[in-house]
Amino acid sequence: MEKKLSNKIKNICTIILVILSIFILFLFDREIIGDAYLRRILNLSAIYAIISVSMNLVNGFTGLFSLGQAGFVAIGAFSVAVFTVPEKYIQSIFYIKPMAPWLVEMRLPFVVALLIGGLIAGILAFLIGYPILRLKSDYLAIATLGFSEIIRIVLTNMQTITNGALGINRIPPMKSMFIPFGIAVICIGMMVLLINSSYGRAFKAIREDNIAAESMGINLALHKNLSFAISAFFSAIAGGLYAALLTTVDPKQFYFTFTYNFLLIIVFGGIGSVTGSVIAAFVVTYGLEWLRIFDEPLIIGGVTIPFFRAGLRMVIFSLLLMIIVLFFRKGLMGNKEFSWDGIYNFLLKIKISIKQKRYDKMRVYVRRPLKDKGGDK
């Protein structure tokens with residue numbers, strides 16, 4: 001039987017964790033620990049966490065197989081790029097075709113540009129959702145994947161707005177790590193509140209059984225559309241952060257393969273687990289960067305090891321992923337969430353297991369049969 005901690009102890013643990021996280025983030029932000037490369041990875045992980053949780057909202061909690069995140073991320077990224085690039089750089093960026101005159105003087109604050117990108121993506125997803133979400137399984141995946149590519153192609157051809165295939169650079173960077181992490185906490189917190197609300201319970205009911213959910217009075221089309229639109233909104237918010245982190249965007253960054261990164265993260269973390277997606281976002285992002293050492297030539301004693309070459313890290317990462325999926329078929333967290341009770345019971349099981357092994361060893365030693373010294377008479 002699992003034991004539960006008191007609310008007071010859990011609250012104390014949560015406060016300590018929050019204070020410790022803020023303190024560590026402060027040390028990174030002030031460049032007391034870590035370098036620019038590590039700070040970039042952490043910022044990217046926070047952004048990927050938003051996209052992964054938003055994708056999990058559709059795939060994990062509503063039970064729809066959507067692969068359109070790259071398109072929504074692109075909308076958010078270009079919205080921030082178009083509205084926040086300083087006016088003095090616009091002419092040098094749009095040197096083939098000038099930016100549309102009505103956009104030139106429309107310079108907006110970063111947060112406003114983020115929200116505009118999110119609203120554009122959310123409204124577009126809501127409008128497209130009604131015909132697309134009638135499809136199921138693989139057909140839905142193909143339709144959303146195609147929709148993502150349509151968005152990328154449209155952005156490529158809107159030269160007077162997005163500068164076409166050349167993209168937009170000189171986007172104002174984020175000045176603090178607290179910006180992406182703070183927005184990530186707000187966005188993920190809002191999605192958690194949604195999942196635990198009556199709408200979230202309706203999403204889960206649709207995931208379990210469409211017919212049963214509809215018989216209970218749930219409007220399937222409306223709730224599927226809401227899930228899809230909300231996921232697109234938060235993905236676009238993350239896309240805006242992504243543009244500010246890289247300070248440059250172009251349509252080539254948002255090929256359909258970009259979506260596979262987040263599909264990998266939610267499968268690895270656990271489909272239907274918010275904390276699993278967040279943990280997996282950091283593990284996968286950092287893991288892929290750390291494995292770059294296998295892409296560089298390795299020379300030992302003047303001899304070049306032929307196996308170390310470009311692309312090897314993805315082979316190794318794929319093998320590691322296959323091993324993890326074989327042993328953790330539901331991902332790291334499955335459909336469970338992080339809890340202090342879970343950690344306490346996990347540590348308790350380890351303690352009991354160690355004690356049991358010691359007890360069994362002592363029993364074997366005490367009950368060891370004595371040798372017959374007298375022999376047969």
Side-chain angles (χ1 to χ4, degrees), residues 1-34 38-39 41-54 56-57 60-61 174 176-201 203-204 234 237-238 241 265-266 268-287 324 328 330-358:
M1 184 177 179
E2 293 187 352
K3 295 184 178 180
K4 290 187 177 182
L5 295 170
S6 65
N7 290 331
K8 184 178 180 181
I9 295 176
K10 286 190 281 189
N11 291 336
I12 291 171
C13 291
T14 303
I15 292 169
I16 292 172
L17 180 62
V18 170
I19 293 172
L20 185 63
S21 301
I22 294 173
F23 178 68
I24 293 172
L25 190 60
F26 174 80
L27 294 178
F28 274 107
D29 188 53
R30 295 295 178 179
E31 301 181 8
I32 298 172
I33 59 174
L38 185 56
R39 286 192 293 275
I41 293 173
L42 290 173
N43 286 332
L44 189 62
S45 300
I47 294 168
Y48 279 6
I50 301 173
I51 303 173
S52 301
V53 174
S54 67
N56 212 347
L57 179 66
F61 291 97
M174 294 179 287
S176 172
M177 288 183 68
F178 283 97
I179 294 174
F181 275 86
I183 294 175
V185 169
I186 293 170
C187 291
I188 294 171
M190 291 176 69
M191 283 187 274
V192 169
L193 291 175
L194 174 67
I195 290 166
N196 293 327
S197 68
S198 59
Y199 288 98
R201 289 190 289 272
F203 296 158
K204 293 175 186 177
F234 286 111
I237 295 290
L241 295 173
I265 289 171
I266 65 172
F268 179 67
I271 296 178
S273 173
V274 173
T275 48
S277 296
V278 174
I279 294 169
F282 282 84
V283 172
V284 171
T285 306
Y286 181 77
I324 291 169
F328 299 93
K330 294 184 178 180
L332 291 177
M333 299 291 291
N335 57 359
K336 297 180 180 179
E337 301 292 351
F338 170 87
S339 68
W340 295 115
D341 290 331
I343 292 177
Y344 176 70
N345 284 291
F346 177 72
L347 296 174
L348 198 62
K349 286 178 182 177
I350 294 175
K351 184 179 178 181
I352 292 171
S353 178
I354 293 171
K355 283 185 175 180
Q356 185 66 38
K357 286 181 181 179
R358 287 178 180 175

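As the structure is a prediction and not an experimental result, all values here were calculated from the model. This chain uses plain numbering: 1 for the first residue, then up along the sequence.
For the pair Asn11 and Lys8, the minimum side-chain heavy-atom distance is 4.5 Å or more. Looking only at side-chain heavy atoms (C-beta outward), Phe282 and Leu42 come within less than 4.5 Å of each other. A 4.5 Å side-chain heavy-atom check between Tyr286 and Leu38 finds at least one atom pair inside the cut-off. Using a 4.5 Å cut-off on side-chain heavy atoms (C-beta onward), Ile271 and Phe61 make no contact.
The two residues Ile195 and Lys204 make their nearest non-hydrogen contact at CG2-CE, 3.7 Å. A pairwise comparison of heavy atoms in Ile22 and Phe178 identifies O-CZ, 4.1 Å as the closest pair. The minimum heavy-atom distance between Ile50 and Ala184, with the atom names listed, is CD1-CA, 3.5 Å. Across all non-hydrogen atoms, the minimal contact from Phe268 to Ala280 is CD2-CB, 3.5 Å. Smallest separation of non-hydrogen atoms from Ser277 and Ile265: O-CG2, 3.5 Å. Closest of all the heavy-atom pairs between Ala46 and Pro180 is CB-O, 4.4 Å.
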*For Leu57 and Val53, what are the C-alpha separation, side-chain angles and deciding distance, and is it a side chain to side chain contact (heavy atoms under 4.5 Å, CB included)?*
CA-CA 6 Å; Leu57 179 66; Val53 174; 5.9 Å; no
*Could you give me the CA-CA distance, side-chain angles and deciding distance for Ser198 and Arg201, then say whether side chain to side chain contact (heavy atoms under 4.5 Å, CB included) is met?*
CA-CA 5 Å; Ser198 59; Arg201 289 190 289 272; 3.8 Å; yes
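In this structure a side-chain-to-backbone donor-acceptor pair under 3.5 Å is missing from Asp29 to Leu25. No side-chain donor-acceptor contact under 3.5 Å links Asn56 to the backbone of Ser52. A donor-acceptor pair under 3.5 Å is formed between the side chain of Thr275 and the backbone N or O of Phe338.
Surrounding CZ of Phe28 are more than 12 heavy atoms belonging to other residues, nucleotides or ligands, all under 6.0 Å away.
To the nearest 0.5 angstrom, Leu44 atom CG is 11.0 Å from Leu241 atom CG. Going from atom CZ of Phe234 over to atom CD1 of Ile51 covers 13.0 Å, rounded to the nearest 0.5 Å. To the nearest 0.5 Å, atoms CD1 (Ile33) and CG (Leu27) are separated by 4.5 Å. The distance from atom CE of Met174 to atom CD1 of Ile183, rounded to the nearest 0.5 Å, is 7.5 Å. Annotation: the span from Arg39 atom CZ to Ser176 atom OG amounts to 11.0 Å, rounded to 0.5 Å.
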